[in-house]
Amino acid sequence: MSKKKLQTPDLSYLNLGGNIAVKYQLSPTELIDDALLNKEGTLAASGALAVDTGKFTGRSPKDRFIVCDEVTEDQVWWGDVNIKISPEKFDQLFYKLTNYLEDKQIYVRDSSACANPDYDISIRVITETAYQNLFAHHLFIRPEEDGLGSTPEWTIIAAPGFLADPAIDGTRQENFSIINFTRKMILIGGTGYTGEIKKGIFSVLNFILPVNKNTLSMHCSANVGKNGDTAIFFGLSGTGKTTLSADPERGLIGDDEHGWGKDSVFNFEGGCYAKCVDLTEEKEPQIFKAIKFGSLLENINFFPGTKEVDYSNISKTENTRVAYPIDYIDNAILPSIAAVPKNIFFLTADAFGVLPPISKLNVEQAMFHFMSGYTAKVAGTETGVTEPQLTFSACFGKAFLPLHPSRYAALLGEKMEKHQVNVWLVNTGWSGGAYGVGRRMKLSYTRAMITAALNGDLDHNKYKQHHVFKLMMPLNCPGVPDEILDPSKTWSNQEEYFLKAYELSDAFKENFKQFELTKVPKSRHEALKLC
Ligand SMILES: Nc1ncnc2c1ncn2[C@@H]1O[C@H](COP(=O)(O)OP(=O)(O)OP(=O)(O)O)[C@@H](O)[C@H]1O
Ligand SMILES: O=C([O-])CC(=O)C(=O)O
Ligand SMILES: [Mn+2]
């Protein structure tokens with residue numbers, strides 16, 4: 001079938017000038033050809049396009065701004081996560097950025113977000129490079145050809161080569177990512193890291209869905225069993241959302257960003273963005289097989305003299321990544337919608353090595369852990385983080401939340417009340433000692449624990465309560481040695497274990513003080529205080 005040439009849409013609303021060369025809605029193959037021609041990257045032996053994203057190989061949360069105006073002023077939780085910038089500075093940067101692009105070639109792509117049509121928003125992604133446009137093709141939802149070209153709700157412009165002048169433009173440094181809810185635009189400059197593009201729209205949805213639709217947006221992955229039972233996996237970067245949601249026994253809904261509507265869980269995205277560090281076919285077969293012609297590898301290294309990727313080489317960054325459309329995973333569900341969840345997993349990569357590998361939470365504990373959002377930030381995804389750091393990131397995604405965390409926590413609380421949901425805390429981090437002494441939990445054990453929880457194998461199990469965290473730990477679990485289920489048993493020195501456990505527990509309590517409990521029913525306050 002010959003492909004008809006799509007007409008370039010009207011871009012006059014962007015004032016890009018008459019000299020701009022527009023490449024509209026190129027196919028992945030065309031984008032890959034262009035990327036090679038532009039010397040943006042090379043093809044790996046697997047056929048995937050491998051690029052370097054430049055100075056930035058992770059997001060830069062300190063350079064993420066929201067325009068403060070009448071739409072946002074009273075709604076947004078301003079501070080060091082949501083940094084204010086004025087509409088005037090935005091307009092000035094927009095003018096400079098469009099001038100910068102004026103005599104260049106740009107890639108324009110129309111797409112959308114939200115697999116559930118009740119929430120769908122149209123998005124135009126304009127990029128300076130072909131590989132960024134390939135990323136947009138993979139990560140956003142790919143539209144039918146008819147209906148293409150009309151002016152979208154949201155426009156993203158991403159130009160790695162454009163640098164802001166902090167003294168004049170009101171940015172912190174040359175790179176920036178700015179969201180304007182009134183003009184419905186995201187401007188990204190000075191960085192070629194593609195994560196900024198997806199997390200820009202995620203931040204937008206984290207505002208629109210709760211505010212306009214009373215719908216919970218979530219930094220989580222989701223999959224569904226053969227009986228239609230949905231599981232969602234919350235967790236910060238690197239805790240295992242992508243890895244654990246790719247399960248040959250379950251259909252994949254999505255790996256990172258979802259909404260929980262009235263009667264469904266739905267993916268915001270059309271693809272996955274997986275970490276590649278130490279990837280092997282044996283440990284992560286589905287992800288490994290998704291790396292083929294079409295996929296976009298970022299910041300990897302080849303074995304010398306070859307085009308074979310050395311996934312253990314992280315000399316450019318720990319945060320090596322691959323982006324691919326969701327249907328590169330065999331059992332992906334399209335459109336990516338499922339029933340409301342039966343099981344919720346909170347994933348944490350505990351670098352203290354003191355949290356149990358799996359424990360079952362009551363409603364108060366679930367709210368406590370959701371609001372706490374504990375993990376050790378693993379190196380790479382954010383610039384400047386080079387080894388695991390104790391992190392509390394509310395709702396497991398504070399960096400992407402324009403509203404106060406209590407808004408999301410209240411929505412989750414309501415949903416947990418309404419639907420019978422099992423909530424589990426899973427430590428995908430360290431065991432047998434803290435970071436540096438212990439080891440990362442074996443992936444095969446974590447998978448076995450999750451499978452057991454999903455299959456109901458932990459329902460009639462005996463549990464014991466953790467002395468410090470009060471979490472209920474199963475005494476046994478198919479496929480997992482009993483002795484690792486109680487983390488204290490994996491440490492050679494009990495005193496050291498409990499000292500560390502109390503240290504973490506104190507950090508939890510200290511962090512939780514920031515939350516006023518106004519949005520939480522009074523009946524839960526006492527129980528929450530005991531968490
Ligand atoms: N026990 C374990 N459970 C889960 N992942 C593990 C475990 N041990 C090691 N890992 C590794 O940790 C990483 C988890 O990364 P993953 O891509 O799943 O993160 P993510 O939660 O999807 O993060 P992001 O939001 O940044 O995409 C993978 O590289 C995986 O191989
Ligand atoms: O956004 C990124 O760059 C990758 C990601 O999913 C995260 O950090 O949560
Ligand atoms: Mn993520």
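Indexing begins at 1, ligand by ligand and atom by atom, following the structure's order. For reference, positions follow the sequence shown, starting with 1.
Heavy-atom separations between Leu279 and ligand 1 are all 4.0 Å or longer. Taking a 4.0 Å cut-off on heavy atoms, Met449 fails to register as neighbouring ligand 1. His219 counts as a contact of ligand 1, since one of its heavy atoms falls under 4.0 Å from the ligand. The closest approach between a heavy atom of Gly238 and any atom of ligand 1 is below 4.0 Å.
At a threshold of 4.0 Å, the pair Asp486-Lys464 counts as salt-bridged, since one of the basic side-chain nitrogens sits closer than that to a carboxylate oxygen. Salt-bridge annotation for Arg447 and Asp247: absent, with no side-chain N of the basic residue lying under 4.0 Å from a carboxylate O of the acidic one.
Within a 6.0 Å sphere centred on NZ of Lys342, heavy atoms belonging to other residues, nucleotides or ligands number 12 at most. Around atom NZ of Lys62, no more than 12 heavy atoms belonging to other residues, nucleotides or ligands sit under 6.0 Å away.
Counting atoms of ligand 1 from 1 in the listed order, those under 4.0 Å from a heavy atom of Thr243 are 14 (C), 15 (O), 16 (P), 18 (O), 28 (C), 30 (C). Every atom of ligand 2 with a heavy atom of Phe400 under 4.0 Å away is listed here by number and element: 9 (O). Heavy-atom contacts of Lys198 reach the following atoms of ligand 2: 6 (O) (cutoff under 4.0 Å). Atoms of ligand 1 found under 4.0 Å from any heavy atom of Arg321, numbered from 1 in the order shown, are 24 (P), 26 (O), 27 (O). Per-residue contacts place Asp256 under 4.0 angstrom from the following atoms of ligand 2 (heavy atoms of the residue considered): 6 (O). Atoms of ligand 2 found under 4.0 Å from any heavy atom of His219, numbered from 1 in the order shown, are 9 (O). Counting atoms of ligand 2 from 1 in the listed order, those under 4.0 Å from a heavy atom of Gly195 are 3 (O). Ligand 2 places these atoms under 4.0 Å from at least one heavy atom of Tyr193: 2 (C), 3 (O), 4 (C). Near Leu236, with a cut-off below 4.0 Å to any heavy atom, the atoms of ligand 1 are 21 (O).
With a 4.0 Å heavy-atom cut-off, ligand 2 is reached by no atom of Glu196. Contact annotation: for Arg439 versus ligand 1, there are no heavy atoms closer than 4.0 Å. Contact annotation for Thr446 and ligand 1: only side-chain heavy atoms (C-beta onward) come within less than 4.0 Å of the ligand. At a heavy-atom cutoff of 4.0 Å, ligand 1 is contacted by the side chain of Asp256 but not by its backbone.
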- Message: Applying side chain to side chain contact (heavy atoms under 4.5 Å, CB included) to Gln365 and Leu471, what does each step give before you reach the verdict?
- Response: CA-CA 8 Å; Gln365 287 173 329; Leu471 299 163; 4.2 Å; yes

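Considering backbone and side-chain atoms together, Lys199 places an N or O closer than 3.5 Å to an N or O of ligand 2. Between Ala274 and ligand 1, no N or O atom pair is found at a separation short of 3.5 Å. Close N/O approach between Gly240 and ligand 1 is found [any backbone or side-chain N/O within under 3.5 Å]. The distance criterion of under 3.5 Å between nitrogen or oxygen atoms is not met by Asp255 with respect to ligand 1.
Ring geometry for Phe469 versus Phe508: interplanar angle over 60°, hence perpendicular rather than tilted (30 to 60°). Under the 30°/60° scheme for interplanar angles, the aromatic rings of Trp154 and Phe181 are found to stand perpendicular. In this pair, Phe396 and Phe370 present their aromatic rings tilted. The plane angle is within the 30 to 60° band. Ring planes of Tyr324 and Tyr328: parallel class, angle under 30° (limits at 30 and 60°).
Nearest to atom 26 (O) of ligand 1 by heavy-atom distance, out of Cys272, Ser237, Gly235, Gly429, is Ser237. Around atom 30 (C) of ligand 1, the closest heavy atom drawn from Arg440, Glu284, Lys199 belongs to Glu284.
For the 3.5 Å distance criterion, the side chains of Asp256 and Tyr273 fail to qualify, holding no donor opposite an acceptor. Remark: the Asp310 side chain and the Asn301 side chain contain no N/O donor-acceptor pair separated by less than 3.5 Å.
Cation-pi contact between Lys241 and Phe233: absent, since separation from the ring centre below 6.0 Å together with deviation from the ring axis within 45° is not met. Judged by the 6.0 Å and 45° rule, Lys213 forms a cation-pi pair with Tyr119. Under a cutoff of 6.0 Å and an axis angle of 45°, Lys198 and Phe135 do not form a cation-pi pair.
Note on Lys199: counted as a metal contact of the Mn ion (ligand 3), an N/O/S atom lying under 2.8 Å. Coordination check, Glu257 versus the Mn ion (ligand 3): failed, since every N/O/S atom of the residue sits at 2.8 Å or beyond.
The closest approach of Asp256 to the Mn ion (ligand 3), by N/O/S atoms, is made by OD1.
In this structure, the side chains of Trp77 and Pro402 stay at 4.5 Å or more apart for every pair of heavy atoms.
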